[in-house]
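Remember, predicted model here, so these are calculated numbers, not experimental data. Reckoned from all heavy atoms, side chains included, excluding hydrogens, waters and symmetry mates.
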Amino acid sequence: MRRAGVVLVVAIMVAVTACSGQEDAASGEIAAPPSDPAKVSGGITVLTNRTDQIADGSLKKYAAEFNKIYPGVKVKFEGLTDYEGETKIRMNTENYGDVLLIPNSLSVEQYPNFFAPLGSSIKLSAAFDYTDHATVGGKVYGLANIGVANGFVYNKAVWEKAGIKDWPATPEEFVADLATIKAKTDAVPYYTNYKDGWPLTNWTNAIGSPSCDSGSYDSLAKTKEPWSSGSDLYEIDKLLYAVVEKKLSEPDPTTTNWEDSKAQIGSGKIASMWLGSWAISQMRAGAEAAGKNPDDIAFMPFPAKRDGAYCSVLRPDYQYAVNAHSENKEAARAWLDWYITKSGQAASEGSISSVKGAPLPDTLKAFSDNDVTMIPQRQENIVDVNKIDKASEIGITAQGYRQKLVDVARGAADGDMGSYFGELNGKWAEAQQALGG
């Protein structure tokens with residue numbers, strides 16, 4: 001499995017915050033980098049959403065390389081198919097692995113309750129990108145392995161078969177292109193991955209692309225009605241709604257399958273999906289498995305231009321953290337640091353390394369060649385945005401509200417785009433006012 005990434009936080013972990021051992025967790029024992037690998041020992045469990053890398057032996061090979069430097073550490077991997085759901089349950093206890101990916105359902109201000117600090121933000125931000133996404137009180141609680149650009153993964157051969165060679169420059173052009181694909185090919189023009197749900201959360205990661213504004217997500221803290229014409233969320237959700245309403249997505253979204261979608265886009269049965277750049281290598285692998293050309297899998301930005309240029313938001317993928325209750329924090333930190341800086345995993349999968357100064361991967365060559373503006377997503381107001389989102393019960397980084405958007409668009413739920421956007425605006429404005437915004 002692979003998640004979207006997503007990746008910003010908003011959610012409810014009321015039960016989790018009451019979990020036993022919180023007082024000890026909040027004590028802030030640092031998980032410092034080891035100074036002497038030969039003296040590091042102990043067994044650690046690494047929770048992962050990459051069940052595919054357990055199945056194909058990739059993670060086992062990484063562990064073998066790690067053990068050449070840290071022979072005294074035994075690494076065990078535990079793959080979780082429903083990573084978000086299962087970790088949320090496990091975090092009601094102290095048994096949630098030694099190293100884990102920080103769940104999206106956990107708000108930033110809760111990090112010190114569950115994770116050991118990794119060091120000061122001043123020091124770590126000089127070595128890694130995206131540390132501001134996991135910083136509380138000047139301490140960093142998670143390090144991203146990779147950064148992610150956002151866009152449409154698409155099968156270039158299918159688009160070209162339909163006579164389309166240029167990227168669409170507006171949402172209307174994108175919808176028209178999908179209609180052409182439907183008319184001229186046998187491919188499903190767009191695949192929602194509705195049933196698995198989490199891929200729909202990737203659309204939130206487009207916030208900032210239509211406006212080409214790195215502060216667009218932050219501005220939600222002061223925006224009364226985010227689903228009003230001209231706003232990023234309006235443009236993003238309007239596009240998804242139009243694609244579904246015009247029957248340019250799969251006929252029955254309740255039967256979608258994430259793992260199968262990789263082979264389907266690789267073989268040309270699916271034309272496009274909105275995902276993070278991390279997905280490119282997985283879809284190319286899907287193409288190879290289907291006996292097709294992996295170079296057919298390409299990546300395009302959100303169909304909007306500002307000052308003649310496309311914009312793609314850069315954000316961190318899952319951030320790796322050390323369980324505050326781990327009995328082997330030194331060994332856990334050794335694995336975390338090695339995996340991010342020495343394993344070569346980011347480069348091998350065509351991902352953007354979080355290590356400062358690392359070059360863009362070849363998978364994003366088209367972005368470089370076409371001068372796509374890469375903008376980092378600011379997080380200065382993330383706590384306020386999270387509070388409003390939680391109070392509104394919308395869940396802009398959860399899957400539920402977009403599943404309903406799809407249901408409304410396909411006629412499986414009451415209303416239309418205007419009424420649904422009005423409902424969302426009302427909830428957001430009411431929550432903002434109640435919180436004194």
* Could you go through the side-chain contact (heavy atoms from CB on, under 4.5 Å) check for Leu100 and Tyr320 one step at a time? => CA-CA 6 Å; Leu100 68 157; Tyr320 288 75; over 6 Å; no

TODO: Verify side-chain contact (heavy atoms from CB on, under 4.5 Å) between Val153 and Ile297, making sure each step is shown before the conclusion.
DONE: CA-CA 7 Å; Val153 180; Ile297 301 300; 3.7 Å; yes

* Asked: With a 4.5 Å limit on heavy-atom distance, are the side chains of Thr397 and Thr201 in contact?
  -> no

Before giving the answer on side-chain contact (heavy atoms from CB on, under 4.5 Å), spell out for Asn323 and Val99 the whole-Å C-alpha distance, their side-chain angles and the decisive distance to 0.1 Å.
CA-CA 6 Å; Asn323 185 343; Val99 179; over 6 Å; no

Closest non-hydrogen contact found for Leu220 with Leu233 is CD2-CD1, 4.1 Å

Do Val372 and Cys311 come close enough that some side-chain heavy atom pair is under 4.5 Å?
no

*Using modelled atom types only, decide if a donor and an acceptor are shared between the side chain of Tyr191 and the backbone of Asn257 within a distance under 3.5 Å.*
yes

Rounding to 0.5 Å, atoms CZ (Phe367) and CG (Leu360) come to a distance of 10.0 Å

Q. If you measure from the Lys or Arg side-chain nitrogens to the Asp or Glu carboxylate oxygens, is any gap between Glu423 and Lys427 under 4.0 Å?
A. yes

Distance-only side-chain donor-acceptor flag, Gln264 / Glu250, under 3.5 Å: no

Here the pair of heavy atoms bringing His133 nearest to Gln377 is NE2-O, 3.4 Å

Closest non-hydrogen atoms of Pro103 and Phe115, given as atom of the first, atom of the second and distance, are CD-CZ, 4.4 Å

Tell me if the centroids of the rings in Trp338 and Phe66 come within less than 6.0 Å of each other.
yes

Do other residues, nucleotides or ligands put more than 12 heavy atoms under 6.0 Å from Asp362 CG?
no

When rounded to the nearest 0.5 Å, the distance separating CG of Asp317 from CD1 of Ile146 is 4.0 Å

Can you confirm whether or not the ring centre of Phe77 sits under 6.0 Å from the ring centre of Trp335?
yes

Does one side chain, of Tyr401 or Asp237, offer a donor that lies under 3.5 Å from an acceptor on the other? yes

- Query: Sub-3.5 Å donor-acceptor pair from the side chain of Ser120 to the main-chain atoms of Lys139, do we have one?
  - Reply: no

| said: With a 4.5 Å cut-off on side-chain heavy atoms, are Tyr141 and Val322 touching? | reply: no

- Task: Answer yes or no: are there more than 12 heavy-atom neighbours, outside Ile122 itself, under 6.0 Å from its atom CD1?
- Result: no

Taken to the nearest 0.5 Å, the spacing of Asp384 CG from Asp389 CG works out to 12.5 Å

All heavy atoms of Asn425 vs all of Ser228, minimum pair found to be ND2-OG, 3.7 Å

query = Should Arg333 and Asp337 count as an ion pair when the cut-off is N to O under 4.0 Å?
reply = yes

- Task: Say whether, by atom type as modelled, one donor and one acceptor occur between the side chain of Ser354 and the main chain of Ala144 under 3.5 angstrom.
- Result: yes

| Lys/Arg N to Asp/Glu carboxylate O, Glu393 vs Lys390, below 4.0 Å | no

Phe174 ring center within less than 6.0 Å of Phe302 ring center:
no

Open item on the list: Test your reading of the model: is there a side-chain donor-acceptor pair from Ser121 to the backbone of Thr135, 3.5 Å cut-off?
Closed with: no

Exercise. Please check if the side chain of Ser209 supplies one atom and the backbone of Ala304 the other of a donor-acceptor pair under 3.5 Å.
Key: no

Checking Asn193 against Met273 for the side-chain contact (heavy atoms from CB on, under 4.5 Å) test, could you report, in this order, the C-alpha distance in whole Å, the side-chain angles of both residues, the deciding distance, and whether it holds? CA-CA 8 Å; Asn193 266 304; Met273 295 188 278; 3.3 Å; yes

Taken to the nearest 0.5 Å, the spacing of Ser277 OG from Met374 CE works out to 7.0 Å

Heavy-atom closest pair (Ala290 atom, Ala263 atom, distance to 0.1 Å) is CB-O, 4.3 Å

Evaluate the side-chain proximity of Thr131 to Leu143: yes if any heavy-atom separation is below 4.5 Å, no if none is.
yes

Is there a side-chain contact between Glu29 and Lys329 (heavy atoms, below 4.5 Å)? yes

May I ask you to decide whether Glu65 forms a salt bridge with Lys68, counting only side-chain N to carboxylate O separations under 4.0 Å? yes

Margin query: Hydrogens and angles aside, do Tyr154 and Trp167 bring a side-chain donor and acceptor to less than 3.5 Å of each other?
Written below: yes

Going by an N to O cut-off under 4.0 Å, is there a salt bridge joining Arg90 and Glu78? yes

**Asked** Does the ring centre of Tyr62 sit less than 6.0 Å away from the ring centre of Tyr339?
**Response** yes

dist Leu101:CG -> Tyr318:OH (nearest 0.5 Å) comes out at 6.5 Å

Atom CG of Asp307: over 12 foreign heavy atoms under 6.0 Å: no

Is there a donor-acceptor contact under 3.5 Å from the side chain of Asp218 to the main chain of Glu380? yes

(message) Ignoring hydrogens and geometry beyond distance, is a side-chain donor-acceptor pair present between Thr93 and Asn95 at under 3.5 Å?
(response) no

With side chains defined as the heavy atoms from C-beta onward, is the minimum distance between Tyr420 and Trp227 less than 4.5 Å? no

Checklist entry - Between the main-chain N or O of Ala221 and the side-chain N or O of Asn381, is there a donor-acceptor pair closer than 3.5 Å? => result no

Closest non-hydrogen contact found for Val73 with Asn67 is O-ND2, 2.6 Å

Query - Val313 vs Asn205 side-chain heavy atoms within contact, under 4.5 Å - result: no

* Asked: Do side-chain atoms of Trp428 reach the backbone of Thr223 as a donor and acceptor pair under 3.5 angstrom?
  -> yes

Checking Ser326 against Asn328: is there a side-chain donor and acceptor pair closer than 3.5 Å? no

Only one of Trp198, Tyr241, Phe152, Tyr194 passes ring-ring contact (aromatic ring centres under 6.0 Å, His included) with Trp203, and that residue is Phe152

Find out whether Tyr70 and Pro34 are in side-chain contact, i.e. whether some heavy atom of one side chain is under 4.5 Å from a heavy atom of the other.
yes

Value for CZ (Arg315) from OG1 (Thr204), rounded to nearest 0.5 Å, stands at 10.0 Å

Main chain of Pro226, side chain of Ser231: is a donor-acceptor contact present, judged purely on distance under 3.5 Å? yes

Residues Asp296 and Lys156 bridged, charged N to O under 4.0 Å:
no

Under a plain distance cut-off of 3.5 Å, with no hydrogens placed, do Ser211 and Asp232 share a side-chain donor-acceptor pair?
yes

Partner of Gln53 under side chain to side chain donor-acceptor pair (under 3.5 Å), picked from Lys60, Glu349, Lys61, is Glu349

Arg402 versus Thr192, side-chain donor and acceptor atoms under 3.5 Å: no

Next on the checklist: Check Lys224 with Glu430, please: is the shortest side-chain N to carboxylate O separation under 4.0 Å?
Outcome noted: no

* Donor-acceptor pair, Tyr96 side chain versus Phe114 backbone, under 3.5 Å? -> yes

**Request:** Determine whether the side chains of Ser107 and Gln110 contain a donor N or O and an acceptor N or O closer than 3.5 Å.
**Result:** yes

